[in-house]
Amino acid sequence: MVQETTLQVSDFIFPMFIQEGTNQKVEIKSMPGIYRFSLDTLLEELKEVTDLGIRAIDLFPNYAENKKDKYASESYKEDTFYLKAITAIKEKFPELVIMTDIAMDPYSSDGHDGLVENGEILNDATIEILGKMGLAQARAGADILGPSDMMDGRIGYLRDVLDRDGHTNISIMSYSAKYASAFYGPFRDALESAPKFGDKKTYQMNPANKREALLEAQLDFSEGADMLMVKPALSYLDIIRQLDENFDIPIAAYNVSGEYAMLKAAAMNGWLDGDRAMMEVLISIRRAGAKCILTYFAKEAAVILNR
Ligand code: PBG
């Protein structure tokens, strides 16, 4: 009766990985219990996911190295497997919210979120590519676009591109405060998308900065973002709280791959009670102020919440 914070299955967005081919279900080494699916096995998995009451997924593609190039051109090819998969999922699960990721890294031969020239990221040239990517995803049937690239000005540009093509109902969940974090390691294993050189510190945020998160969020808000995201979640609960106090749109938090991996590792060693630790982590993200949580724990937590 006096509990202040609640957690519901409908708070979750389940990040999932897809690869080309058929009959594939490959476990990610650093993420026990999380798989890369081909479209056929993904559709089977989605039956289970939706039966648990999970209403939203965030779908990430794994592209073979030979499909990658400097310009991430595979990302907006009409017949590319990722876009076709979005359309197929939407057809079979019309009620399921499909979120997509906008950044060049899974399609880039440089493994960076933006276009690289002479070892530097070109902000404005990247935004044009992201616009094409976002439009292609919207046309394929995505409901929420998640720009995770951290270029400046991309939210306004994307909103404009979407609106001019008639996609006024598509939401943008902006990765506003995305930190240059060690906790993305397992995700980059899943997508085989680690940067080929350097790091992402020229566009992702310094973990030491808090005021800068407000500035990033303010820009995204004023450019038309519908939701703001903080990523990672656990080392940045103060940032979640800060954004929730300052913006009257929903705040999301990404409980990232490394946060999943470290808890799983401890639980598998018998060093922690995995279920209890998972539920404590998830409620703490809600308590900090996140309305929704992107989490690889979505299925496991749903099983517990549905009991
Ligand atoms: C792509 C992207 C990343 C994640 C989500 N979108 C990796 C990165 O920025 O290097 C990380 C998610 C996770 O670790 O679970 N830009």
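Each ligand, and each atom within it, is numbered from 1 in the order the structure gives. Starting from 1, each residue takes its place in the sequence as its number.
In this pair, Tyr179 and Tyr236 present their aromatic rings parallel. The plane angle is below 30°, not in the 30 to 60° band.
Looking at Glu259, Lys200, Lys231, it is Lys231 that brings a heavy atom closest to atom 4 (C) of ligand 1.
If you take CE on Met16 and CE on Met99, they are separated by 14.5 Å, rounding to the nearest 0.5 Å. Considering CG of Leu39 and NZ of Lys84, their distance stands at 9.5 Å, rounded to 0.5 Å. Here Ser193 contributes atom OG and Tyr63 contributes atom OH; the two are 13.5 Å apart, rounded to the nearest 0.5 Å.
The salt bridge (Lys or Arg N to Asp or Glu O under 4.0 Å) analysis of residues 179-194, with sequence neighbours excluded, yields no pairs.
Contact annotation for Tyr260 and ligand 1: no heavy atom of the residue comes within less than 4.0 Å of the ligand. With a 4.0 Å cut-off on non-hydrogen atoms, Asp105 touches ligand 1 through its side chain and not its backbone.
Atoms of ligand 1 found under 4.0 Å from any heavy atom of Asp113 (numbered from 1 in listed order, with element): 9 (O), 16 (N). Those atoms of ligand 1 with a heavy atom of Tyr254 less than 4.0 angstrom away are 12 (C), 15 (O). Atoms of ligand 1 lying under 4.0 Å from any heavy atom of Arg188, numbered from 1 in the order shown and given with element: 8 (C), 10 (O). Set against the non-hydrogen atoms of Asp101, the atoms of ligand 1 under 4.0 Å away are 1 (C), 6 (N). Those atoms of ligand 1 with a heavy atom of Ala103 less than 4.0 angstrom away are 16 (N). Shown in contact with Ser148 at under 4.0 Å from a heavy atom are these atoms of ligand 1, numbered in order with element: 1 (C), 2 (C), 6 (N), 16 (N).
Nearest protein heavy-atom neighbour of atom 15 (O) of ligand 1: Tyr296 OH, 2.6 Å. Regarding atom 12 (C) of ligand 1, its nearest protein heavy-atom neighbour is Phe187 CD1, 3.3 Å. Closest protein heavy atom to atom 9 (O) of ligand 1: Lys178 NZ, 2.6 Å. Here the protein heavy atom with the shortest distance to atom 14 (O) of ligand 1 is Ser257 OG, 2.7 Å.
Ion pair Glu65/Lys196 flagged as a salt bridge, since at least one NZ, NE, NH1 or NH2 atom sits closer than 4.0 Å to an Asp/Glu carboxylate oxygen. Here Lys200 pairs with Asp105 in a salt bridge; the nearest charged N to carboxylate O distance falls below 4.0 Å.
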Is there a side-chain contact (heavy atoms from CB on, under 4.5 Å) between Ile155 and Leu219? Walk through the geometry before answering. CA-CA 9 Å; Ile155 302 301; Leu219 288 169; over 6 Å; no

Donor-acceptor contacts under 3.5 Å from residues 290-307 side chains, at least two apart:
residue : atom : partner : partner atom : Å
Lys291  : NZ   : Asp11   : OD1          : 3.3
Thr295  : OG1  : Asn255  : OD1          : 2.8
Thr295  : OG1  : Phe297  : N            : 3.0
Tyr296  : OH   : Tyr254  : OH           : 2.8
Lys299  : NZ   : Glu45   : OE2          : 2.7
Lys299  : NZ   : Glu48   : OE2          : 2.9
Glu300  : OE1  : Lys264  : NZ           : 3.0
Glu300  : OE2  : Lys264  : NZ           : 2.9
Asn306  : ND2  : Leu52   : O            : 2.9
Asn306  : ND2  : Ala302  : O            : 3.2

